[in-house]
Visitor: 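Encoded as structure tokens, here's the structure I'll be asking about.
What you see is a predicted model; the values in this text were computed from it and never measured. Every heavy atom of this structure was used, including side-chain atoms; hydrogens, water molecules and symmetry mates were not.
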Amino acid sequence: MAVTIIDKQYQKIVSDIIENEEFGRLKEINHHGITRYEHSVKVSYRAYKIAKALKLDYKAAARG
């Protein structure tokens, strides 16, 4: 399963992390039915959306 997030603003904030070779290696590690890569991206995006809705630092939330 590939994680595809269409939100262009989110993509711009995290693109350097997503494209990082070391981060990409997480695609090889399965954990509870999904890869650690997929899990990390999903958590990052949820944190981004919640922080944005609450008018918090959504950039830091996405990258954290």
Visitor: Side chains of Arg36 and Glu28, heavy atoms from C-beta outward: is any pair under 4.5 Å?
Guide: no

Visitor: Please report the C-alpha distance between Asp7 and Lys49 in whole Å, then the side-chain angles of each, then the deciding distance to 0.1 Å, and finally whether the side chain to side chain contact (heavy atoms under 4.5 Å, CB included) criterion is met.
Guide: CA-CA 10 Å; Asp7 188 318; Lys49 293 296 281 185; 4.3 Å; yes

Visitor: Counting heavy atoms not belonging to Lys52, are there more than 12 under 6.0 Å from its NZ?
Guide: yes

Visitor: What I'd like to find out is whether the side chain of Tyr48 reaches to under 4.5 Å of the side chain of Ile5, using heavy atoms alone.
Guide: no

Visitor: Does some side-chain heavy atom of His39 sit less than 4.5 Å from a side-chain heavy atom of Val43?
Guide: yes

Visitor: If I compare all heavy atoms of Val41 with all of Tyr10, which pair ends up nearest, and what's the gap?
Guide: O-OH, 3.6 Å

Visitor: Would you call His31 and Thr35 a side-chain contact if the rule is heavy atoms closer than 4.5 Å?
Guide: no

Visitor: Can you check whether Ala62's main-chain N or O pairs, donor with acceptor, with Ser44's side chain at less than 3.5 Å?
Guide: yes

Visitor: State, with a plain yes or no, whether a side-chain heavy atom of Ile29 is found less than 4.5 Å away from one of Leu26.
Guide: yes

Visitor: How many angstroms lie between atom CG of Asp16 and atom CD1 of Ile13, to the nearest 0.5 angstrom?
Guide: 10.5 Å

Visitor: Would you say the side-chain atoms of Asn30 pair up with the backbone N or O of Gly33, donor to acceptor, closer than 3.5 Å?
Guide: no

Visitor: Between Tyr37 and Arg25, is there a side-chain heavy-atom distance shorter than 4.5 Å?
Guide: no

Visitor: Judged by atom type as modelled, is there a donor-acceptor pair below 3.5 Å linking the side chain of Arg63 to the main-chain atoms of Val14?
Guide: no

